[in-house]
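Order of the sequence lines fixes the chain letters, A, B, ..., with proteins taken first and strands second; residue numbering starts at 1 for each chain.
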Number of protein chains: 2
Amino acid sequence: MAKAPTMKEVAKAAGVSVMTVSRAFRADASISTATREKIQRAADELGYVFDATASGLRVKKSGFVAMTIPSISNSNFADTVGGLSERLAASGRQVLLGYTNYDIDEEERLIRQLLGRRPEAIVVTGGQHTEAARKLLQGSGIPVVETWDLPTDPIGSVIGFSNAKAMEAMVQHLVDAGHRRIAYLGGDGNADTRGADRRRGFADAMAHHGLAADLLIDAGLPPISMREGAHAMGALLDSGRTVDAVCCVSDLAAFGALTECQRRGLKVPDDISIVGFGAYELGDICVPTITTIDPAAREIGARAADLLIKCLDEGQSETSAAPITPKLLIRQSSDAAKGGQKK
Amino acid sequence: MAKAPTMKEVAKAAGVSVMTVSRAFRADASISTATREKIQRAADELGYVFDATASGLRVKKSGFVAMTIPSISNSNFADTVGGLSERLAASGRQVLLGYTNYDIDEEERLIRQLLGRRPEAIVVTGGQHTEAARKLLQGSGIPVVETWDLPTDPIGSVIGFSNAKAMEAMVQHLVDAGHRRIAYLGGDGNADTRGADRRRGFADAMAHHGLAADLLIDAGLPPISMREGAHAMGALLDSGRTVDAVCCVSDLAAFGALTECQRRGLKVPDDISIVGFGAYELGDICVPTITTIDPAAREIGARAADLLIKCLDEGQSETSAAPITPKLLIRQSSDAAKGGQKK
DNA sequence: AGTGGAAATGATAACGATAACTTTTTACGG
DNA sequence: CCGTAAAAAGTTATCGTTATCATTTCCACT
């Protein structure tokens, strides 16, 4: 195939200067309708496609907003990307996505790569970064938004919530329902910082209620899938330890745990309560439905977009928007009325 | 914040020419170690980040591969993107993603936008496009890969499979298991072309077996979620029509249908068989596990990457790789041994 | 008709990087 | 020490677009 035609060739075909062609493609410019139509025809004829790269270089506006997420396969993050993407599209901007695989070193590499595309802003997931990554973000000269977390030392704006606090609310709910022997089922280590925060919130809340947080089940390396949730639940049950309720790092893990109970003939919530995190559609459809926390994943993205549009188009300085307040959704899997057992 | 520093400033700081700085950042160039280190220091000092945009303009290699998918929230497509992304990363290329929302007009807009970023290749989902979109792709001068489908008139390469044929295999399985009154549960209309193909394959297969394909349940506009699957199943059951088995457009819809049966006290597969499509993790974990077809979503992406790397780096012309052959995974939800009923 | 001024169009240089070429420096055998 | 080839560094022009300024065209109104 021949290489893509440029404005120069369109200009020649239309019998005008390159500058006039350039103007024909912008809304504001002063150009006669006749000329614009003539140029449009020539462009269509040649199959001309505007080069956003060259334009971006000249006007120093790439039209990109970069975003890093741990994994594309997690529908929570996919929702955030969706919210961001949809709302930015209205202002003609495009999201440039990168995946960290829950690894902050990988995140650093990724941030460097993304900044090389000269995005107009960057949205990252989480508030924990390598020292070099922080420096890159701070020195980038563009708005930075950290999401899905509440960093103690934010780089720019924040649109997130405390995963620990959210989990504390969940423990409160379980305790209110009469549970005492509560397990936490989540990933190993601290690679998934949101997971680690939730575990910490769990432990703190248990301590606060004077309960032992000795049932911390490691389900493997993040992200924890349904299968790993099922395995970990199996291991917990095999251990023979007494358990009232299981707090899972996500609805996916919770669903895995739930199915393991079903396979073993345990009734949820009659024999044991199971709760998740993330408000995945799954948890609202399965039988029984799973109590969870809705972090407003899509809204996080939408809010980030709104904030950025304010910064970029209206020249406002970065302001932290109203905080995200996750909502506890009490459903069948922990419904006390159905018989949460006391120990 | 100050604007990002350029090579010029790094050059001044290091006391060399811009060209030398440029060379310092490329592996091949002839440059002394001392100079390279000096430049590296200066660059770190200033927080210099390489501008891939400007470089791309000059060398005519953007480092982008564009891809369009119907929705980011569908884990099948997310897997394909993951496979593509991971394998392209090794060759230093980045995936630029766009979402069509199952709308070919939106796809056309998107393709135009993506081509404006001067990607080195473009991967699209499906084989149905607007006339203008076809022209854009054909005239783009870059390798084009159509995936997840087997277009009759391909634009470039194809890495896909026949959704109709795959569904025929599924019907064969159900018929073998003794089912006669088989329903199809999927989306309205033809917006989701893969869904429409599956429905067509279903109808053809039913006709081939001399069975009536009169149970075509419309579950709403694509994409069909779990909830819509559940609703549609409810409507089917409420209609009082006799049904042996239900063929769903995806595992998500199938799971929704399955839960609806559970809520109504119907046993799967004893009272009714349910099968899905897509080999989502969900279907392998839920109780009972769901019979499905594995389209090798991740492999589609990986194969596309391999093909493109051959085209771009080794100058080979576009060759269609070995075809994708979806695998029927027979699981509990249609297990004849457990008692698929004959009518 | 002639004139003033706005609208339309054109010419030039620049955005940040690099290919291609030229010049300077280094290294080494004789 | 010199000559020479190779390595290292510098110069210039360019990728496709647009800001800026200069020029031409057009029209309304005296």
Asker: Separation of B:Phe50 atom CZ from C:dA17 atom C1', in whole Å?
Answerer: 7 Å

Asker: Tell me the interatomic distance from A:Asp51, atom CG, to D:dT14, atom C1', rounded to whole angstroms.
Answerer: 14 Å

Asker: In whole Å, what is the span from the CZ atom of B:Arg26 to the P atom of C:dA19?
Answerer: 5 Å

Asker: When the distance from CD1 of B:Ile31 to C1' of C:dT24 is rounded to whole Å, what number comes out?
Answerer: 15 Å

Asker: Using the rule side chain to side chain contact (heavy atoms under 4.5 Å, CB included), only one of A:Asp103, A:Asn190, A:Asp192, A:Asn74 pairs with A:Pro222; which is it?
Answerer: A:Asp192

Asker: For the helix from C:dA1-D:dT30 to C:dG30-D:dC1, what angle lies between the axis at the first five pairs and the axis at the last five pairs, to 10 degrees?
Answerer: 30°

Asker: Is A:Arg118 side chain donor-acceptor paired with the C:dG16 base, going by distance under 3.5 Å alone?
Answerer: no

Asker: To the nearest Å, how far apart are B:Arg36 CZ and D:dA8 P?
Answerer: 10 Å

Asker: Is it the case that C:dT18 (base atoms only) and B:Arg58 (side chain only) share a donor and an acceptor within less than 3.5 Å, ignoring hydrogens and angles?
Answerer: yes

Asker: Please state how far atom CE in B:Met19 lies from atom C1' in C:dT22, giving the value in whole angstrom units.
Answerer: 13 Å

Asker: Go nucleotide by nucleotide along DNA chain D from the 5' end; which of B:Thr33 and B:Ala54 gets its closest nucleotide reached first?
Answerer: B:Thr33

Asker: Can you tell me how far P of D:dG16 sits from CZ of A:Arg23, to the nearest Å?
Answerer: 20 Å

Asker: Hey, is B:Lys61 close enough to B:Glu120 for a salt bridge, meaning N to O under 4.0 Å?
Answerer: no

Asker: To the side chain of A:Leu57, which of C:dG10, D:dG16, D:dT18 is closest?
Answerer: D:dG16

Asker: Atom NZ of B:Lys12 to atom C1' of D:dG10: distance rounded to whole Å?
Answerer: 17 Å

Asker: Do the side-chain N and O atoms of B:Gln128 and B:Thr193 include a donor-acceptor pair separated by under 3.5 angstrom?
Answerer: no

Asker: What is the nucleic acid contact for B:Thr6, judged by heavy atoms within less than 4.0 Å: base, sugar-phosphate only, or nothing?
Answerer: sugar-phosphate

